[in-house]
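Worksheet for the structure shown next.
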Amino acid sequence: MSELPDRDAINALFAGNYADPFSLLGMHRTQQGLEVRALLPEALEVWVIETSTGRKLAQLVCEDARGFFSGVIPRRKNHFRYQLAVNWHGQQNLVDDAYRFGPLLQEMDLWLLAEGTHLRPYETLGAHGDVIDGVFGTRFCVWAPNARRVSVVGDFNFWDGRRHPMRLRQELGIWELFVPGAVNGQLYKYEIIDANGDLRIKADPYAFEAQMRPQTASMICGLPEPVEMKEERKAANGFDAPISIYEVHLGSWRRHTDNNFWLSYKELAEQLVPYVKEMGFTHIELLPINEHPFDGSWGYQPLGMYAPTRRFGTRDEFRAFIDAAHEAGLNVLLDWVPGHFPSDDFGLARFDGTQLYEHSDPREGFHQDWNTLIYNFGRREVSNYLSGNALYWTERFGIDGLRVDAVASMIYRDYSRNEGEWVPNQFGGRENLEAIEFLRYTNRTLGTVASGSVTMAEESTDYPGVTRPTEGGGLGFWFKWNLGWMHDTLDYMQVDPIYRKHHHNLMSFGMMYNYTENFVLPLSHDEVVHGKRSILDRMPGDAWQKFANLRAYYGWMWGFPGKKLLFMGNEFAQGREWNHDVSLDWHLLEGGDNWHHGVQRLVRDLNHTYQYYTPLHQLDFDPAGFEWLVVNDAEHSVFAFVRRDREGNEVIVVSNFTPVPRPGYRFGVNQPGYWREVLNTDQHEYHGSDVRIHRVHTDEQESHGRPQSLSLDLPPLATVWLVREAE
């Protein structure tokens with residue numbers, strides 16, 4: 001039987017150092033009878049009201065001028081539902097007492113959270129609107145095992161940490177509280193007395209919406225309804241599907257011309273979505289949209305993993321943007337950053353006064369390159385926080401896939417570190433075994449629970465089996481960015497054509513390892529920043545040659561095995577580096593038809609033609625889908641290869657990477673008959689010299705080890721696609 005609280009307990013409660021408020025506040029049986037105690041700073045008068053009858057049962061006595069009230073309920077022995085009628089400076093309010101409600105976490109949730117295997121931890125942790133005993137409010141749950149006290153503060157309690165200290169579930173280190181009257185749209189944070197006795201004000205790691213920087217509060221809002229992944233979207237993610245990705249930074253794709261302000265999610269749905277569809281892309285990939293404090297990080301230093309950034313609108317408006325993309329037949333990918341997070345005080349860093357989400361040893365827990373903290377993947381609650389987040393975006397927003405950033409920095413303990421700056425794993429190796437298991441678990445989970453969604457790894461080393469099944473020791477990703485192909489081919493294209501014959505193998509080397517992984521060919525945002533120059537500006541020669549080189553390169557890229565990715569602005573050959581603070585250079589497309597229009601039309605036609613002809617995409621990851629026709633002609637810098645589908649249909653891709661036309665260029669082919677041009681990067685519509693092939697028949701003349709051959713007039717600095725006509 002609970003006794004009257006002593007003065008020390010009351011003092012500790014007001015000082016914010018009392019870790020078990022439910023033992024002190026609420027309704028208790030005492031030797032004097034059934035007693036109600038309440039913490040109501042600045043209240044003048046408090047009455048206990050029986051909820052079922054509305055009768056006043058007893059007035060509570062102010063035991064402490066700071067706002068501690070208590071009183072015995074006459075003639076009552078058993079607990080009952082009650083409310084408090086509180087007079088604050090002449091205004092009376094009827095309130096429900098947060099301390100009359102029992103524990104919130106259910107046994108199964110407790111079990112799964114303790115194991116770190118809760119599929120949907122976001123359904124339990126965070127802020128959730130609820131109705132308990134007929135009372136509307138919000139239940140708050142936060143993991144802070146080493147805190148001495150945690151209070152939820154917000155619009156509903158004057159941001160006063162004394163008013164709503166939380167209950168500690170000691171078996172998990174989770175603090176919980178149901179706050180009656182806290183409703184959607186109100187802001188909140190957690191006020192923490194940490195392990196060292198210091199006061200910390202933290203945003204909710206599981207917040208579903210947050211204020212826009214520089215404000216940092218979390219916002220109460222309900223979970224969005226689950227989104228079913230339709231069969232068309234699943235098929236569009238398939239290994240044999242034509243995947244062409246338009247990578248976008250929402251803050252700088254296009255801006256308002258009058259004030260340079262961002263477009264909203266609604267405006268992006270109206271402008272970006274139809275543009276991407278018209279250009280023939282199949283997927284939109286968004287640079288990270290998780291809430292982040294610093295614009296210049298482009299979202300790659302996220303703190304609100306569960307909250308879409310408010311820069312462009314509300315959470316629901318973001319979901320409407322995703323819906324608009326789906327209605328247009330586009331899949332949506334999110335750039336996802338589970339590898340590191342910034343050290344801002346309001347975020348995860350030293351959350352409860354200890355290195356809770358990060359490692360304590362900076363050799364394991366600090367990214368020297370980015371001045372960020374590294375998640376401790378070996379801590380079950382941390383890996384569960386992140387794996388649950390992956391499922392959250394796919395299930396609750398209908399995201400079709402995640403591009404996982406900087407995988408190499410996660411799986412290697414010595415990533416970008418010198419000897420002595422890293423800690424080996426338990427076997428003395430350099431692999432981060434905990435991060436590897438986290439990635440495998442996350443990929444397995446998505447493959448099982450969110451079937452049809454995919455993950456893509458940005459992995460910059462030759463780690464084996466990135467896109468191979470976890471059962472066989474792989475990481476379980478569906479696709480991997482082919483950064484080796486990107487570097488090699490860009491290095492080749494930057495060379496003056498007269499010297500390209502000395503670097504011929506840079507264009508062909510990608511086929512030496514092409515079937516080791518399921519590759520995406522990326523020309524991403526990373527290639528147009530930090531002094532690297534734009535893709536156009538890397539091309540050699542005068543203006544005509546720069547554009548011709550770029551068009552030939554794009555024709556080669558879209559013909560080569562692997563899914564495609566192009567960063568915004570590259571589709572119309574933006575001439576300057578990307579600047580996240582301003583719009584793309586759309587003015588380049590004003591004032592009449594020009595070279596930029598030509599590149600834009602080419603990319604549109606590449607996408608549509610690539611989708612139409614199954615040989616160009618169906619067997620990307622099968623050796624039967626590719627064959628060299630000409631690979632050793634370094635002297636002329638000419639390549640030719642075949643793309644093939646399951647039925648044996650072929651598309652021939654021929655590239656001439658010199659500014660010299662090659663009349664009568666002969667090479668052997670597999671299938672005799674008429675071949676016609678279906679795309680030529682040199683044609684007039686793209687502002688080329690318009691050296692066309694149109695329609696040509698094979699000759700019974702042996703070449704390159706084949707009994708029949710074609711003789712073509714190859715255009716300068718161009719790529720041509722040919723298909724065989726039915727007899």
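Closest non-hydrogen pair, Arg55 versus Arg76, comes out as NH2-NH2, 3.7 Å. Residues Phe351 and Lys202 come closest through the heavy atom pair CE1-CB, 3.5 Å. Of all heavy-atom pairs between Trp370 and Gln301, the closest is O-NE2, 3.4 Å. Between Thr138 and Ala182, the shortest heavy-atom contact is OG1-O, 2.7 Å. Considering all non-hydrogen atoms of both residues, Trp175 and Ala144 come closest at NE1-O, 2.9 Å. The two atoms that bring Lys266 and Glu270 nearest to each other are NZ-OE2, 2.7 Å, heavy atoms only.
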- Query: For Arg379 and Asn384, what are the C-alpha separation, side-chain angles and deciding distance, and is it a side chain to side chain donor-acceptor pair (under 3.5 Å)?
  - Reply: CA-CA 9 Å; Arg379 188 163 283 157; Asn384 204 185; over 6 Å; no
- Derivation of the side chain to side chain contact (heavy atoms under 4.5 Å, CB included) call for Phe178 and Asp130: CA-CA 8 Å; Phe178 177 68; Asp130 209 343; 4.1 Å; yes
- Item | Test log, rule side chain to side chain contact (heavy atoms under 4.5 Å, CB included), inputs Val248 and Ile284 | CA-CA 7 Å; Val248 179; Ile284 302 176; 4.2 Å; yes
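Counting heavy-atom neighbours within 6.0 Å of Asp345 CG, excluding the residue itself, gives a total of 12 or less. Counted within 6.0 Å of NZ on Lys56, heavy atoms from surrounding residues, nucleotides or ligands total more than 12; the atom is thus considered enclosed. The local environment of CD in Glu115 is crowded, with over 12 non-hydrogen atoms from other residues, nucleotides or ligands closer than 6.0 Å.
With respect to Arg200 and Asp198, no salt bridge is recorded, no charged nitrogen being found less than 4.0 Å from a carboxylate O. One finds no salt bridge joining Arg315 and Glu317 here, because no Lys/Arg side-chain nitrogen approaches an Asp/Glu carboxylate oxygen to under 4.0 Å. Under a 4.0 Å N-O distance rule, the pair Arg163/Asp160 qualifies as a salt bridge. Salt-bridge check for Asp295 with Arg213: passed, with a basic side-chain N closer than 4.0 Å to an acidic carboxylate O.
Between the side chains of Asp352 and Thr354, at least one donor-acceptor pair of N or O atoms lies under 3.5 Å. Using a 3.5 Å distance cut-off with no hydrogens or angles, the side chains of Thr442 and Arg444 do not pair a donor with an acceptor. Side chain to side chain, Asp400 and Ser453 fail the donor-acceptor criterion of an N or O pair below 3.5 Å. In this structure, a donor-acceptor pair under 3.5 Å is absent between the side chains of Arg310 and Gln211. Counting only N and O atoms by type, the side chains of Glu63 and Ser70 include a donor and acceptor under 3.5 Å apart. Side-chain contact check for Asp97 and Tyr82: at least one donor-acceptor pair (N or O, by modelled atom type) lies under 3.5 Å. Under the 3.5 Å distance criterion, with hydrogens and angles disregarded, a donor-acceptor pair is assigned to the side chains of Trp336 and Asn389. No side-chain N or O of Tyr306 forms a donor-acceptor pair with one of Asn290 less than 3.5 Å apart. Side chains of Asp109 and His118: a donor-acceptor N/O pair is present below 3.5 angstrom, by distance only. No side-chain donor from either of His326 and Asn331 sits under 3.5 Å from a side-chain acceptor of the other. In the model, Glu291 has a side-chain atom that pairs as donor or acceptor with a side-chain atom of Thr309 under 3.5 Å. If you check the side chains of His580 and Trp298, you find a donor sitting under 3.5 Å from an acceptor.
Inter-residue side-chain proximity for Leu303 and Asp344 is flagged as met; some heavy-atom pair is nearer than 4.5 Å. Between Ser151 and Pro165, some side-chain heavy-atom pair lies under the 4.5 Å cut-off. Residues Phe80 and Ile73 meet the side-chain proximity criterion, which asks for heavy atoms closer than 4.5 Å. By the 4.5 Å heavy-atom criterion applied to side chains, Phe366 and Ile374 are not counted as neighbours.
Of the possible donor and acceptor atoms, one in the side chain of Arg37 sits under 3.5 Å from a partner among the backbone N and O of Leu24. Looking only at distances, no side-chain donor or acceptor of Arg100 sits under 3.5 Å from a matching main-chain atom of Val36. For Gln59 (side chain) and Glu45 (main-chain N/O), no donor-acceptor pair under 3.5 Å exists by modelled atom type.
Interatomic distance, CG of Leu40 versus CH2 of Trp88, reported as 5.5 Å (0.5 Å rounding). Rounding to the nearest 0.5 Å places CG of Leu263 at 7.0 Å from CH2 of Trp253. Put simply, OH on Tyr99 and NE2 on His28 are 11.0 Å apart, with the number rounded to the nearest 0.5 Å. Distance check: Arg380 CZ to Ser387 OG gives 13.0 Å after rounding to the nearest 0.5 Å. Rounding to the nearest 0.5 Å places CG of Asn376 at 10.0 Å from CD of Glu381. Residue Trp262 holds its CH2 atom at 13.0 Å from CD of Glu267, rounded to the nearest 0.5 Å.
Under the rule for a side chain to side chain donor-acceptor pair (under 3.5 Å), the partners of Tyr190 that lie at least two apart in sequence or sit in another chain are Asp204. For Val449, the side chain to side chain contact (heavy atoms under 4.5 Å, CB included) criterion is met by Leu119, Arg120, Leu391, Glu395, Thr445, not counting sequence neighbours. Under the side chain to side chain contact (heavy atoms under 4.5 Å, CB included) criterion, Ala203 pairs with Ser218, Phe346, not counting sequence neighbours. Under the ring pair (Phe, Tyr, Trp, His ring centres under 6.0 Å) criterion, Tyr265 pairs with Phe312, Phe318, not counting sequence neighbours. With sequence neighbours excluded, the residues satisfying salt bridge (Lys or Arg N to Asp or Glu O under 4.0 Å) with Glu171 are Arg169. In this structure, the ring pair (Phe, Tyr, Trp, His ring centres under 6.0 Å) partners of Phe140, at least two apart in sequence or on a different chain, are Phe156, Tyr188.
A cation-pi arrangement is found for Arg167 relative to Phe22, the charged atom lying closer than 6.0 Å to the ring centre and inside a 45° cone about the ring normal.
Aromatic ring centroids of His128 and Phe208 lie under 6.0 Å apart.
The ring-ring contact (aromatic ring centres under 6.0 Å, His included) test with Tyr206 singles out one residue from Tyr122, Tyr392, Tyr385, Trp143, and that residue is Tyr385.
By the 30° and 60° cut-offs, the orientation of the rings of Phe377 relative to Tyr375 is tilted.
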